[in-house]
There are 4 protein chains.
Amino acid sequence: MSASPGKEPRTERGRETLRKLLDAAAREFGERGFHEASISGITRQAGTALGTFYTYFDSKEAIYSALVGDMSQHVARAATAGMSRDSNGTVREGEALAAFLAFARDHKEIYRIIDEAEFADPASYRQHYTGAAERIAARLEESVKAGVVTPGDNEIRAWAIMGMNVFLGLRFGVWDTSRTIEEIAVAAEALLSEGIAAR
Amino acid sequence: MSASPGKEPRTERGRETLRKLLDAAAREFGERGFHEASISGITRQAGTALGTFYTYFDSKEAIYSALVGDMSQHVARAATAGMSRDSNGTVREGEALAAFLAFARDHKEIYRIIDEAEFADPASYRQHYTGAAERIAARLEESVKAGVVTPGDNEIRAWAIMGMNVFLGLRFGVWDTSRTIEEIAVAAEALLSEGIAAR
Amino acid sequence: MSASPGKEPRTERGRETLRKLLDAAAREFGERGFHEASISGITRQAGTALGTFYTYFDSKEAIYSALVGDMSQHVARAATAGMSRDSNGTVREGEALAAFLAFARDHKEIYRIIDEAEFADPASYRQHYTGAAERIAARLEESVKAGVVTPGDNEIRAWAIMGMNVFLGLRFGVWDTSRTIEEIAVAAEALLSEGIAAR
Amino acid sequence: MSASPGKEPRTERGRETLRKLLDAAAREFGERGFHEASISGITRQAGTALGTFYTYFDSKEAIYSALVGDMSQHVARAATAGMSRDSNGTVREGEALAAFLAFARDHKEIYRIIDEAEFADPASYRQHYTGAAERIAARLEESVKAGVVTPGDNEIRAWAIMGMNVFLGLRFGVWDTSRTIEEIAVAAEALLSEGIAAR
DNA sequence: AATGAATGAGAATTCATTCAT
DNA sequence: GATGAATGAATTCTCATTCAT
């Protein structure tokens with residue numbers, strides 16, 4: 001399913017091996033990073049022979065790309081899942097941030113894998129963040145229509161919000177977990193809804 | 001000055017060679033990224049012999065570290081230089097963002113170099129962003145005292161603002177320059193000062 | 001029939017598969033040469049599964065050998081077929097060359113396959129050229145008896161004639177076809193019958 | 001001198017190493033053929049480290065190409081050297097053949113290296129044989145002017161003569177040396193000067 | 001200080017062949 | 001007979017680092 005073109009497994013046994021390889025790759029890339037990771041490390045963790053890797057993937061880049069795509073979906077799903085059905089506006093963005101922070105704490109390797117794509121697989125990296133920004137912008141659009149968000153340039157806002165989330169996730173999700181997620185999310189939502197200028 | 005300890009140049013000629021190596025390294029790392037870059041690529045661009053590299057640096061990591069430190073200072077100086085003497089509060093942050101965007105457009109390699117440090121030299125990466133966040137937080141503190149910014153958790157705010165800046169810089173500084181810097185800075189400052197919630 | 005010993009097909013379906021493999025091998029070896037050719041390339045072109053190859057052949061060498069033998073027969077038959085029933089002497093050799101040139105133009109892969117056997121399967125190579133030389137020598141013998149060719153060392157002559165044919169075939173059959181076959185054959189026959197020394 | 005571009009040695013020590021590599025390559029390719037030969041085999045025979053190979057050559061193909069060029073010159077020089085100062089016409093061609101046969105007997109590896117180039121490095125192969133044919137054609141031209149050779153298509157004749165020589169060299173120079181060189185050369189010259197048709 | 005040759009560990013990739021289904 | 005997944009040895013090539021001059 002995420003094998004290289006022409007290398008899709010045709011039997012059940014093949015599908016199992018492919019899955020083992022992808023799982024092993026997530027571990028290997030997560031632990032060692034793209035460049036330090038090795039195909040033989042992946043197959044060792046997967047419990048297959050070295051050559052088996054090439055039954056399903058063309059190269060190290062190919063499996064990495066497949067993986068980034070996979071994980072990008074996971075992150076998107078986690079953020080969406082964190083939003084309550086009927087919230088909108090800055091509240092909804094706060095929920096998304098909280099969900100993202102929780103996800104980052106649980107899946108530190110995903111952070112590493114997606115962000116290293118900026119250098120190892122730029123196309124996937126761009127696609128991941130462009131997609132995320134578009135989803136935020138679409139939510140803002142909706143909220144503007146609903147009258148809970150002021151009109152404005154939602155593309156710029158979306159990239160600003162995403163940047164906030166990513167850096168808060170790195171700082172308070174991955175590097176240091178001594179603060180509660182609540183705390184971070186509340187502060188960020190306040191900034192987002194009312195700004196910080198004294199009036 | 002940024003040579004490895006014990007390898008500082010002692011003559012004028014030595015200082016020149018060191019400078020040539022650092023400039024060449026900025027180009028090489030900027031063009032090819034840390035892992036694809038090679039020492040021989042650096043010395044080729046510097047016009048020196050391969051062995052000369054080790055007269056000034058202990059390793060590839062060492063010169064990379066030196067470079068990240070260098071660039072980190074440049075970025076900080078550029079942001080500071082963009083702020084007018086007597087501005088404060090969100091206005092000052094808007095000016096810092098504008099200055100940063102201008103710098104990013106002129107020095108696209110900084111993203112490649114500083115951000116890849118997350119994987120190639122995590123200590124420098126952390127130091128760069130921690131330093132930047134501290135400077136933002138300190139400015140906010142001042143502004144709170146001056147009464148132009150509401151009291152709040154300035155550490156969280158600082159990381160949020162920094163994230164905004166970094167992603168706006170990547171999206172509208174490096175990837176696509178069809179929007180004016182003004183436009184971006186104004187929208188970001190509005191978000192920052194008043195938020196986006198309708199009242 | 002040309003399968004490896006003990007692997008001859010026993011059913012009609014088997015005979016078809018064998019034929020598909022041999023045809024595919026001619027294409028694969030012709031296009032890519034012995035070393036670049038791969039079993040999987042052969043089975044891909046044949047439209048069979050990889051493992052099926054080993055139902056009929058013991059190894060890559062085995063099918064290559066079978067193929068060289070096949071082609072060797074084709075070449076011999078083509079040369080013979082070009083000779084008119086009652087010609088002899090140098091006329092007959094001229095006809096054989098013309099037939100060979102026509103064959104080479106139509107089957108450029110034979111050079112690639114037969115000549116590469118010098119390195120990939122020396123026994124077959126030797127057998128091919130020794131056989132061809134013997135046939136030429138036998139024809140010369142006949143012609144000597146018929147009084148149209150002067151007595152002489154027909155083994156040496158046969159190898160000389162064969163060398164001529166092979167290089168004229170490569171140069172004017174495979175590499176460049178701007179000259180007519182007639183032209184080449186006439187010039188070669190003249191050389192062969194009267195030599196080139198002025199008298 | 002025959003290193004890959006940009007890899008020419010700059011010191012005496014370098015020139016020595018390059019020479020060792022080329023000599024080792026001639027042995028390795030001669031013994032094992034292009035495909036069976038390995039870089040590590042070459043460096044083992046040369047007594048250098050594996051990596052040293054890449055100080056001078058870009059690839060296995062590159063050193064092979066350099067070698068074919070080298071050997072092509074050797075062969076040409078040997079054939080020329082065998083011709084007596086004032087001979088011409090078919091006599092001269094007979095001398096060239098005798099010289100070539102002697103050379104082939106002494107340097108069987110050269111035969112193998114140049115002929116395998118048809119598959120491993122076609123450009124060099126073509127260049128080698130095209131050059132040889134041009135030299136023969138030029139000699140014939142001269143002899144025609146001198147009145148010792150009849151006018152005719154000297155390009156076709158040259159390729160025919162070259163083919164004769166190559167196959168006689170393979171058969172009676174490399175495969176089997178039970179006949180004397182004299183014997184072969186005399187028979188070939190007779191064929192060439194008077195042809196074999198009875199009159 | 002500068003030079004550039006030498007080193008060798010390390011990694012990706014290929015592919016003939018085997019074998020269970 | 002046919003299938004296609006699994007195997008792993010073998011090979012090429014890279015490059016940071018050392019060192020003699």
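Letters A, B, ... mirror the listed sequences (proteins, then strands); counts begin at 1. Values below: every heavy atom of this structure, side chains too, minus hydrogens, waters and symmetry copies.
A straight line from CG of D:L18 to P of E:dG4 spans 16 Å, rounded to a whole angstrom. The distance between atom CG of D:L21 and atom P of E:dT7, rounded to the nearest whole Å, is 10 Å. Distance CG (A:D58) to C1' (E:dC15): 15 Å, rounded to an integer number of Å. Rounded to an integer number of Å, the gap from CD of D:E8 to C1' of E:dG4 is 14 Å. Following rounding to the nearest Å, D:R15 (CZ) and E:dG4 (P) show an atom-to-atom distance of 12 Å. Regarding D:I39, its CD1 atom lies at a distance of 17 Å from the C1' atom of E:dA6, rounded to whole Å. B:K20 places its NZ atom 12 Å from the C1' atom of E:dA1, with the value rounded to the nearest Å. If you measure from atom CD1 of B:I42 to atom C1' of E:dG4, you get 17 Å, rounded to the nearest angstrom.
Nucleic acid contact class of B:F57 (heavy atoms, under 4.0 Å, all strands): none. The residue C:A62 sits apart from the nucleic acid: no heavy atom pair falls under 4.0 Å. Counting non-hydrogen atoms under 4.0 angstrom, A:G51 reaches a base of the nucleic acid. A:T52 comes within contact range of at least one nucleobase, with a heavy-atom separation under 4.0 Å.
Of the listed nucleotides (E:dA16, E:dA1, E:dA5), E:dA16 has the atom at the smallest distance from the side chain of C:S38. Listed candidates were F:dT17, F:dT3, F:dC13. Nearest to the side chain of D:S59 is F:dC13. Comparing F:dT3, F:dC13, F:dA2 by their closest approach to the side chain of D:K60 singles out F:dC13. Closest approach to the C:A49 side chain among F:dT7, F:dA9, F:dG4 is made by F:dG4 (side chain taken as heavy atoms from C-beta onward). Relative to the side chain of A:Y56, the nucleotides F:dA5, F:dT3, E:dA16 differ in distance, and F:dA5 lies closest. Out of E:dT14, E:dA2, E:dT17, the shortest distance to the side chain of C:Y54 is found at E:dT17.
Just one residue in the list D:K60, D:M71, D:E116 forms a side-chain contact (heavy atoms from CB on, under 4.5 Å) with D:F29, and that residue is D:K60.
For E:dA6, the paired nucleotide is F:dT17, the pair qualifying as Watson-Crick or G-U wobble because both relevant distances are below 3.5 Å. As the counterpart of E:dA1, no nucleotide is assigned, since no Watson-Crick or G-U wobble pattern has both distances under 3.5 Å.
Annotation: side chain of D:Y111 is not in contact with side chain of D:V75 (no heavy-atom distance under 4.5 Å). When side chains are defined from C-beta on, A:D121 does not count as touching A:F34, because their heavy atoms never get closer than 4.5 Å.
Each of B:T55 and D:F53 was assigned the nucleotide of DNA chain E with the nearest heavy atom; the assignment lying further toward the 5' end belongs to B:T55. The residue among A:K7 and D:R13 whose nearest nucleotide of DNA chain F is located toward the 5' end is A:K7. Residues D:E61 and A:R10 both approach DNA chain F. Their nearest nucleotides, taken by heavy-atom distance, put A:R10 toward the 5′ side. With DNA chain E read from its 5' end, the first of the two nearest nucleotides for A:L50 and D:T11 is the one closest to D:T11.
By the 4.0 Å N-to-carboxylate-O rule, D:R15 lies close enough to D:E12 to be salt-bridged with it. A salt bridge does not link A:K20 to A:E16: none of the charged nitrogens lies less than 4.0 Å from a carboxylate oxygen.
Phosphate contact (OP1/OP2 of F:dA6, side-chain N/O of A:T17, threshold under 4.0 Å): present.
Listed for the A:T17 side chain is a donor-acceptor partner under 3.5 Å among the backbone atoms of A:R13.
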